Structure formats: C-alpha cells, structure tokens
Amino acid sequence: MPSIAENIQQIEKGLKQETRLVAVTKTKPEEVLLEAYKAGCKRFGENKVQEMTAKYEALPKDIEWHMIGHLQSNKVKYMAPYVALVHSVDSFKLLKEINKEAAKNDRLIDCLLQIFIAKEETKFGLSKEEAVEILTSPALPTLKNIRIAGLMGMASNTDDQNAVRNEFKGLKSLFESFKKYNNEQISMRELSMGMSADYNIAMEEGSTLVRVGSAIFGSR
Ligand SMILES: *Cc1c(COP(=O)(O)O)cnc(C)c1O
C-alpha cells in the first residue's frame, strides 16, 4: 500500500497549475493529518465544525482549514476565528450568520455558494435561481465581512462518467456566467468540484479546488 505522502505526491503531480488540492481529513485522527502535513499538504477539508476546531487547536497554525460540509448557523461562531474558506453556503441566512461572526473576529471570510448539480435528492445546495437571488440581493452589500469567492458542487454518485462530466460542465458554465456579478464583494475565482472518484474529470472541466479524501487516506 502506498503511504499518505506517496498518495499526495501522486495526486499533486497530476494536477493542472490552476487546480489545488484540499485534502479531506474528516473522521481521520490528528496523527494522520500530521503525516499529510509533513508531506507538504497544508490545506485540509472537514465537514463538522467541532471536529475541525479540535484539530485546528491541536495542529500547526499554518494549516488552511476549509469547511466543506452542511453547516448549522449555531456552529459558525466556533470556526469564525480561523476558517479559510467555507465551501458550503446554501442560504442567505447562513451567509448573514457567517458575516456576523466574521465581524466579531474582525475578519473577512471567503465563501462559496454550494450549487445543487446532482440527480440525487440527498445532496444539499442552491438552484441557479436561488444563487442569483443571493448574488443580486440588495442586502448582500451590507454584509461587509464576507466575500463570495466562487461556487462548489458535488456530482452524482454514479459510474456514468459522461453524466458526471455533464454536471461539472453545467457548474463551470454557471460559474462563468456569474462573473457578470463580480464586484468588490463577489469574485468568481474558485470552482470547488471533484472528489476521489471524479477529480480528474472535474479538473478537465475547470475545477480550481479538488476535495480528495479516500484516495489519500483510504476508505472511511
Ligand atoms: C467527504 C467529502 C469529500 C471527499 O470524498 P472522497 O470520496 O473521500 O474523496 C469531498 N467533498 C465533500 C463535500 C465531502 O463531504
């Protein structure tokens, strides 16, 4: 079995210049994260606020912490002091909460809007119309402590690679079309798509952040 360091190297080697790796470390213990850190990986994705915060407190301070999971408003305060990017914003209410906690910490927090692109019922995310509503909301400019830095999406969990590719193509084209909203607060520059099973397809379709867990750390 290849080591964690070898897996990271292998993946990094195959990435395009514009695509960066977020190592998804959810459920993995601190020693495992430290092993990835020593292999040069300093961008970690977690899906639970408490778990991420405990790891943040225990591990080196030059790690970038990415929240990739569905978020409850009442948990935002725990990560507001340190989170680097929130991938999973799926309501205006959540954005308001992130703004409030960012302000308390005197920070500007970058957020991605999570868009629903899969066929499954179970995945979270906004429709195109709901995303437009947020991007054009007259209340958005009052949220001085957040920025919208791009979009995130999860493809269907299927072996049909064409279906997956089409979902990524759809997200990329939405991302491009949303650039017309770019201003001081909105900048469509990060496109978070691709996981262990489909990150190569996502990269080919223009991903800037791939979120890879099991291909580095083994199954959970
Ligand atoms: C768990 C998770 C990943 C990583 O999944 P793998 O298949 O292990 O690479 C990526 N994105 C999100 C949102 C996740 O919850």
Side-chain angles (χ1 to χ4, degrees), residues 1-15 19-29 32-33 35-36 39 41-53 55 63-72 75-76 79 83-91 94 98 110-126 131 149-161 163-165 167-168 170-172 175 190-220:
M1 274 244 304
S3 67
I4 287 172
E6 286 166 334
N7 289 338
I8 290 172
Q9 260 176 12
Q10 185 67 30
I11 293 169
E12 294 270 15
K13 212 171 62 190
L15 292 183
T19 312
R20 280 157 299 135
L21 173 66
V22 178
V24 175
T25 49
K26 63 190 185 196
T27 76
K28 299 295 170 187
V32 169
L33 276 69
E35 199 177 331
C41 185
K42 302 197 172 163
R43 201 178 293 112
F44 293 155
E46 291 277 338
N47 69 342
K48 296 209 169 77
V49 174
Q50 275 109 325
E51 183 179 339
M52 180 168 80
T53 301
K55 289 171 176 175
I63 293 170
E64 257 183 43
W65 295 95
H66 291 230
M67 173 43 62
I68 63 171
H70 184 65
L71 262 173
Q72 289 166 299
K75 304 284 169 59
V76 169
M79 65 175 192
V83 70
L85 181 65
V86 182
H87 292 230
S88 43
V89 171
D90 60 1
S91 70
L94 182 59
I98 297 169
D110 281 332
C111 298
L112 307 181
L113 299 181
Q114 181 171 354
I115 308 293
F116 181 85
I117 58 170
K119 298 282 178 292
E120 292 122 72
E121 294 291 311
T122 53
K123 299 218 162 123
F124 294 102
L126 301 158
L151 304 180
M152 183 270 234
M154 289 168 87
S156 295
N157 184 10
T158 166
D159 292 333
D160 181 350
Q161 303 227 327
V164 168
R165 187 177 296 278
E167 289 171 3
F168 288 147
L171 186 58
K172 166 72 170 172
F175 175 75
E190 300 291 358
L191 182 55
S192 169
M193 59 184 197
M195 313 182 9
S196 291
D198 55 22
Y199 73 89
N200 275 310
I201 302 175
M203 184 177 66
E204 286 164 16
E205 298 305 331
S207 173
T208 68
L209 291 168
V210 289
R211 309 177 309 271
V212 180
S214 46
I216 299 173
F217 302 107
S219 58
R220 285 178 296 273

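Each ligand, and each atom within it, is numbered from 1 in the order the structure gives. Note that the structure is predicted; figures quoted are calculated from it, not measured.
Scanning the protein for heavy atoms near atom 12 (C) of ligand 1, the closest one is Ile68 CD1, 3.5 Å. Counting protein heavy atoms only, atom 14 (C) of ligand 1 is closest to Lys26 NZ, 3.0 Å. At the top of the distance list for atom 5 (O) of ligand 1, counting protein heavy atoms only, stands Met195 CE, 3.5 Å. Scanning the protein heavy atoms around atom 9 (O) of ligand 1, the nearest turns out to be Ser196 OG, 2.5 Å. In this structure, atom 7 (O) of ligand 1 lies nearest to the protein heavy atom Ser214 OG, 3.6 Å.
Using 4.0 Å as the threshold, Val212 has a heavy atom nearer than that to some atom of ligand 1. Arg220 counts as a contact of ligand 1, since one of its heavy atoms falls under 4.0 Å from the ligand.
Side-chain atoms of Arg43 do not come within 3.5 Å of backbone N or O of His66 as any donor-acceptor pair. Judged by distance alone, the side chain of Glu51 and the main-chain N or O of Thr27 form a donor-acceptor pair under 3.5 Å.
Classified by interplanar angle (parallel below 30°, tilted 30° to 60°, perpendicular above 60°), the ring pair Phe44/Trp65 is perpendicular.
Atom CD of Gln161 is surrounded by 12 or fewer heavy atoms from other residues, nucleotides or ligands within 6.0 Å.
Ligand-side atoms of ligand 1 in range of Arg211: 4 (C), 9 (O), 10 (C), 11 (N), 12 (C), 13 (C), range being under 4.0 angstrom from any heavy atom.
Of the N or O atoms in Ala197, none lie within a sub-3.5 Å distance of an N or O in ligand 1.
With no hydrogens or angles considered, no side-chain donor-acceptor pair links Ser88 and Gln114 at under 3.5 Å.
Distance CG/Leu113 to NE2/His87: 12.5 Å, rounded to 0.5 Å. With rounding to the nearest 0.5 Å, the separation of NZ in Lys48 from NE2 in His70 is 12.0 Å.
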